Structures are given as structure tokens and as C-alpha cells.
Amino acid sequence: MSLEKILAISGKPGLYELKAQTRAGFLAESLIDGKKLSVGMRHNVSVLNEIAIYTYAEEVPLREIFKNIKEKENGGEAISHKASKNELERYFSEILPEYDEDRVYASDMKKVIQWYNLLHKRGMLDFDATATAEAEEE
């Protein structure tokens, strides 16, 4: 699955998959419960493909963070996003040792881990196969 079709919508829980574009916005489907949602231009929407985490040297794309978690967990689930702040920071320093501690907050770590676990449950973490398939289509 490509992160280009996965959305985070401000004020809405979880992640959404882009289904169709409409005149006033687009139609998205919740990855949590499968409910469809019409999203207008007034919503603050982030495409996961465009999100990156600050490090001291550069910004690391979310796709790379997810790959690091997947490698660390041998393809399994990550820790709970409800873990303590110290546990989250310790975990994050294992998957991205050079993350910028001044600019990456515990709330950001919670979101990344929650998103990873949600994508894991849906079987949507195979980015290498997706990138290869998309390249072949072009």
C-alpha cells in the first residue's frame, strides 16, 4: 500500500484511505471502522507520504520510520501508543537514534506508533512491493 493514499485528518481519529475525489473535496474511508467520510476543503488533511520526522541532520520520511519499526519488531506490532512518555522516547531512540529531541514531541511519537500499528493490523506496511508495482505500471 502506498502512503500517498493514506490520510490523517485533523480532529478525526485514526487514518483514512483516499477513495475518490469530489467537486468539494474527496471521499475517504476510515481504516478503523470502514466508514466513509466526505472531506471538504475546510479540513486540515495530511498525506502520510508527505510527513517526515526531524533529526539533527535532516528530515526522515515517515515511510523510513515505519520500515525501521517493522525491522525492529520483525514485522510485528510496535509498543502501545499509550505507553509512558519515557517508554515512547526510549523506543523512538531505538528506531531513530538521531531524532531531534527538541522538535519531536511525545504526541508526535504517539501518532507515529499508533499509525504504524493501525497500518500493521490492516496489512498495509509492504511499501517496497507497492513501490515496485507502481514503478512497473508507469
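By convention here, the first residue in the shown sequence is residue 1. Here the structure is a predicted model, which is why all the values come from computation and not from measurement.
Applying the side-chain hydrogen bond (donor to acceptor under 3.5 Å, both in side chains) test to every pair with at least one member in residues 100-117, sequence neighbours left out, gives no pairs at all. Residue pairs meeting the ring-ring contact (aromatic ring centres under 6.0 Å, His included) criterion with at least one partner in residues 14-43, sequence neighbours excluded, do not occur; the list is empty. Residue pairs meeting the salt bridge (charged side-chain N to carboxylate O under 4.0 Å, His left out) criterion with at least one partner in residues 34-46, sequence neighbours excluded, are E29-K36.
Note: the hydrophobic cluster containing I9 does not contain L118 (ILVMFWY, side chain heavy atoms under 4.5 Å, direct or indirect links). In this structure, V45 is not a member of the same hydrophobic cluster as V112, with clusters built from ILVMFWY side-chain heavy atoms closer than 4.5 Å. Clustering ILVMFWY residues whenever any of their side-chain heavy atoms sit less than 4.5 angstrom apart, transitively, puts L27 in a cluster other than the one holding L15.
Residues that satisfy the ring pair (Phe, Tyr, Trp, His ring centres under 6.0 Å) test with F92, not counting sequence neighbours, are Y99. S10 pairs by the side chain to side chain contact (heavy atoms under 4.5 Å, CB included) definition with N44, not counting sequence neighbours. Qualifying side-chain hydrogen bond (donor to acceptor under 3.5 Å, both in side chains) partners for S30, counting only residues two or more places apart in sequence or in other chains: D33. Applying the side-chain hydrogen bond (donor to acceptor under 3.5 Å, both in side chains) criterion to Y91, with sequence neighbours excluded, gives E73. Scanning for side-chain hydrogen bond (donor to acceptor under 3.5 Å, both in side chains) contacts around K121 gives an empty result, with sequence neighbours left out. When the side-chain hydrogen bond (donor to acceptor under 3.5 Å, both in side chains) test is applied to E94, the partners found at least two apart in sequence or on another chain are K72.
Taking both residues in full, the closest heavy atoms of A28 and V39 are given as CB-CG2, 4.3 Å, listed atom of the first, atom of the second, then distance.
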Verdict with reasoning, L125 to I69, per side-chain contact (heavy atoms from CB on, under 4.5 Å): CA-CA 10 Å; L125 288 171; I69 296 172; over 6 Å; no
side-chain contact (heavy atoms from CB on, under 4.5 Å) between L7 and E17, worked out: CA-CA 6 Å; L7 313 169; E17 183 176 358; over 6 Å; no
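For the pair I6/L18, no side-chain contact is recorded, criterion being any heavy-atom separation below 4.5 Å from C-beta on.
Note: D126 CG to K67 NZ = 9.5 Å, rounded to the nearest 0.5 Å.
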Can you list, pair by pair, the side-chain donor-acceptor contacts under 3.5 Å of residues 47-54, counting residues two or more places apart and other chains?
{"residue": "N49", "atom": "OD1", "partner": "R63", "partner atom": "NH2", "Å": "2.9"}
{"residue": "N49", "atom": "ND2", "partner": "E4", "partner atom": "OE2", "Å": "3.4"}

Name every donor-acceptor pair, under 3.5 Å, that has one atom in a side chain of residues 77-86 and the other anywhere in the protein, sequence neighbours excluded.
{"residue": "S80", "atom": "OG", "partner": "K82", "partner atom": "N", "Å": "3.0"}
{"residue": "S84", "atom": "OG", "partner": "E87", "partner atom": "N", "Å": "3.2"}
{"residue": "S84", "atom": "OG", "partner": "E87", "partner atom": "OE2", "Å": "3.2"}

